[in-house]
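Structure record follows, encoded as structure tokens.
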2 protein chains.
Amino acid sequence: MRRMTARPANAHQARLLRLLRDGGPTSRAQLGDWMDLSRSRLAVEVDRLLDTGLVIADGLAASRGGRRSHNIRLAPTLRFLGVDIGATSVDVAVTNAELEVLGHVTQPMDVREGPVAVFEQVLAMAAKLRGSGVAEGFDGAGIGVPGPVRFPEGVPVAPPIMPGWDGFPVREALSQELGCPVMVDNDVNLMAMGEQQAGVARSAKDFLCVKIGTGIGCGIVVGGEVYRGTTGSAGDIGHIQAERDGRPCACGNRGCLEAYFGGAALARDAEAAAREGRSAELAARLEAAGSLAATDVAAAASAGDAAALDLIRDGGTRTGQVLASLVSFFNPGLVVIGGGVTGLGHNLLAAIRTQVYRQSLPLATGNLPIVLGELGAVAGVIGAARLISDHLFSPA
Amino acid sequence: MRRMTARPANAHQARLLRLLRDGGPTSRAQLGDWMDLSRSRLAVEVDRLLDTGLVIADGLAASRGGRRSHNIRLAPTLRFLGVDIGATSVDVAVTNAELEVLGHVTQPMDVREGPVAVFEQVLAMAAKLRGSGVAEGFDGAGIGVPGPVRFPEGVPVAPPIMPGWDGFPVREALSQELGCPVMVDNDVNLMAMGEQQAGVARSAKDFLCVKIGTGIGCGIVVGGEVYRGTTGSAGDIGHIQAERDGRPCACGNRGCLEAYFGGAALARDAEAAAREGRSAELAARLEAAGSLAATDVAAAASAGDAAALDLIRDGGTRTGQVLASLVSFFNPGLVVIGGGVTGLGHNLLAAIRTQVYRQSLPLATGNLPIVLGELGAVAGVIGAARLISDHLFSPA
DNA sequence: AGTCTTTGTCCTGAGACAGGAGAAAGTCCA
DNA sequence: TGGACTTTCTCCTGTCTCAGGACAAAGACT
């Protein structure tokens, strides 16, 4: 099947495509109101988009007291691929042009196996989704990787947890393989975009999105746009010092937040608690599985295990301390907590909130919601689809 | 004398005005190149600006191998007033349209006397400048206040060090008094704008500007624009926790950065060192003056006093610790250190640099200059003039 | 003196754009 | 059932915006 080749020819067309993406099928009149453009001018641009095939006019909407309107909508055959590469697993999903998830698969994986092995797996997963009938091909793909990215080129730079990826031309390689445009970004930024597109951050302009997975990162959104920093490492808060002369961290420093919290540290601490006899619940789970993960701590905590609860509270408190500084500095309108350990749920959230509300300036916390992300594992893939659609729905 | 009433009618004209402001007198041909606009289209907009009187064409430039060009420049009679209200002093300056300082006065003052008393003084200073012949009137004024501001309305909100100012309609009141448009912002943001306009940050897009005066604040510039946060308190880093369960702070919390450093804390610590006999140099100065200020510490340090050097190093280290977190988070392309205590100079800078380069991520610090501001006291007033000129040089 | 370069002006044709007239296709009420 | 009213969409017209080319002005260079 032929895939999307056309691109919007001007800013009006780009804006139309995004409005249709986020607002669904819409009449010409409605679009004119939204864009603050005369109906005559708008009609021209819509007609041009119809010519390109990027949008179609199908069916008539119900009358609202007058002539029935034509539904203008994005081409129903458009398909985006969203890929979220984590430290220990990978998510691949297919969306339509409205960024609704049509198919989604998750598999365990180890990033340290390097880009070649990982992308082989990703391509197999994409092929599987295509085989299941939700897509005949892809018009674009967004890729999230767990480390800093030189965004314009789509190349990871100096990623601590994925050494083999440094400088690998992810964007170019995948674009070749998939035969469609590809954009690459940090997984945390994609989570923020996902929650902004379809989650709790829909109406937020300036917000932070803290992802607590194997590591800890923070997506920064300024004026509705992801802020990536000068070298693409903005939001890398895992190695902010949480304790002076504290625990040694893999990065070479001491007392980093990630040395105390995040999936890896949490599992380590839980195993220690089990071995030292501080928790029968955790010890039993360690006995059964041979090792522990963040989910075990969550399960133990909801079973009332005191040691597990302590671990969560302590991690939340440390995260909250760091976050309190960032809230004072950045004065966001919303803070979203997400990532693998959100299974820890409200115990974690309560600890974070307590710390932030206590330590940050009243003016900054006065009306500051701190909430859990509502999309879970699909936040990343929706963000990835949004990334590539933002790219494709911008003037050529 | 009649003052500026015209405003640019469209984005082209606004851009032209800013180019002329930042680039000085320029030929039509040069402007066309800068704006990426055809000479014919540009000529139309320039002619319209000439009609409004906002710009003039005077004299001919030297030939560059062909016909000599006309110099297009901003109206030489335009005058902006820049006001920088600090905790203990106030700066007032007059600039021309190119934001060059034509006259500048500084006076001691106490913000706690409240807005009415302070503005009486400010208006007297402005009148004095006008009397000296550098201006016959003002086309606009920018005001910096030492606390958070609700920017669109130009009203201070919940300012900790200037309680009487909460909710006072600074913008409206001064606009009445001066008879010209007024914009109000946090003094730290104005310092950042000043260094961006005419100082070390001229080419920086994303940078931080740390102002260490009586208190400590941080201007945040994203993509060339000041970021103010959701409630206008972004950059308020003085009350970030520098030490767990540390010194009590005036804000009610413990261990805030401002409890350890900044002009107030530094003076307090210096007086303590003098009284406890840890520094003969500082004791002598205390004896002579009855109290100590940051400048005394600077003088003592440059005279080789060990206790003074310790104070500076300790303050720099703590500031550096906080800044290290913010650098990891924000990944700026430049960090500027300015404010009253920059007299502490390179001892302070060295301590800050050491800490940031040690604690932040290598990717974020790899090519990160940390430098002193180069404008000193005029940074704020130039920033204030820039603020109002940005406002006036934008489409009506 | 002749050629080249640069600047600035003028003109033309393509496209952007708003607003109005009016046709199409419905609702609503008597 | 028919007339009045609404809403949507198309078409037309006049005004701007804009690029690019032709050309004149004014000087540099040889």
Side-chain angles (χ1 to χ4, degrees), chain A residues 6-20 23-52 54-74 393-396, chain B residues 6-20 23-74 394-396:
Chain A
R7 290 277 293 277
N10 58 39
H12 287 325
Q13 292 185 15
R15 180 118 181 273
L16 278 169
L17 293 175
R18 294 186 192 204
L19 284 172
L20 290 170
T26 312
S27 71
R28 288 177 173 86
Q30 180 64 265
L31 289 170
D33 288 350
W34 283 344
M35 307 238 323
D36 199 27
L37 212 58
S38 69
R39 273 152 303 172
S40 50
R41 192 74 205 78
L42 185 107
V44 174
E45 299 297 350
V46 170
D47 285 345
R48 288 180 192 168
L49 283 175
L50 288 168
D51 285 343
T52 67
L54 278 173
V55 308
I56 62 165
D58 67 337
L60 294 170
S63 167
R64 290 175 35 228
R67 175 175 170 179
R68 293 168 64 192
S69 60
H70 294 268
N71 269 334
I72 308 295
R73 69 171 77 214
L74 289 167
F393 292 172
S394 59
Chain B
R7 289 279 292 275
N10 59 38
H12 287 322
Q13 293 185 15
R15 180 118 179 274
L16 278 169
L17 294 175
R18 293 187 193 204
L19 285 173
L20 291 170
T26 314
S27 70
R28 288 178 172 86
Q30 181 65 265
L31 289 169
D33 289 350
W34 284 344
M35 307 237 327
D36 200 29
L37 212 59
S38 68
R39 271 158 306 171
S40 50
R41 192 74 204 79
L42 186 108
V44 174
E45 299 297 352
V46 169
D47 285 346
R48 288 180 192 168
L49 283 176
L50 288 169
D51 284 344
T52 66
L54 278 173
V55 308
I56 62 164
D58 68 337
L60 294 170
S63 166
R64 287 174 36 230
R67 175 174 170 179
R68 294 167 66 192
S69 59
H70 294 267
N71 270 332
I72 309 295
R73 71 171 76 215
L74 289 168
S394 59

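The distance between atom CZ of A:Arg64 and atom C1' of C:dT27, rounded to the nearest whole Å, is 13 Å. In this structure, B:Asp47 atom CG and D:dT17 atom C1' are separated by 15 Å, rounded to whole Å. Atom NE2 of A:His70 and atom P of D:dT8 are 12 Å apart (whole Å). Between B:Glu45 atom CD and D:dT17 atom C1' the separation is 9 Å, expressed in whole Å. In this structure, CG of A:Leu31 is placed 18 Å from P of D:dT7, rounded to the nearest angstrom. In this structure, B:Leu37 places its CG atom 16 Å from P of C:dT7, rounding to the nearest Å. When rounded to the nearest whole Å, the span between CG of A:Leu60 and P of C:dA25 equals 9 Å. In this structure, B:Leu42 places its CG atom 19 Å from P of D:dC16, rounding to the nearest Å.
Between B:Ser69 and C:dT7, a side-chain N or O to OP1/OP2 separation shorter than 4.0 Å is absent. When the side-chain nitrogen and oxygen atoms of B:His12 are compared with OP1 and OP2 of D:dC18, one or more of them lie within a distance under 4.0 Å. Distances shorter than 4.0 Å separate none of the side-chain N or O atoms of A:Arg68 from OP1 or OP2 on D:dC9. When the side-chain nitrogen and oxygen atoms of B:Arg39 are compared with OP1 and OP2 of D:dC23, none of them lie within a distance under 4.0 Å. Remark: B:Arg48 is in phosphate contact with D:dT17, judged by side-chain N or O atoms under 4.0 Å from OP1 or OP2.
The two residues B:Leu50 and B:Val55 come nearest to each other via the heavy atoms CD2-O, 3.4 Å. Among all heavy-atom pairs drawn from A:Arg28 and A:Leu42, the shortest one is O-CD2, 3.3 Å. Closest non-hydrogen pair, A:Arg68 versus A:Ala62, comes out as CG-C, 4.3 Å.
Using a 4.5 Å cut-off on side-chain heavy atoms (C-beta onward), B:Leu16 and B:Leu49 make contact.
Put simply, the side chain of A:Arg67 and the base of D:dT8 share a donor and an acceptor less than 3.5 Å apart. Side-chain to base pairing of A:Ser40 with C:dG20: no donor and acceptor N or O lie closer than 3.5 Å to each other.
Other residues, nucleotides and ligands place more than 12 heavy atoms under 6.0 Å from the CZ atom of B:Arg41.
Each of A:Asn10 and A:Gly66 was matched to the nucleotide of DNA chain C holding its nearest heavy atom; the match closer to the 5' end belongs to A:Asn10. Summary of the strand contacts: A:Gly65 and A:Ser27 both lie near DNA chain D, and taking for each the nucleotide with the nearest heavy atom, the more 5' one is attributed to A:Gly65.
Comparing D:dA19, D:dC9, C:dG8 by their closest approach to the side chain of B:Arg41 singles out D:dA19. Taking the side chain of B:Ser63 as heavy atoms from C-beta on, and the options D:dT17, D:dC9, D:dA28, the nearest nucleotide is D:dA28.
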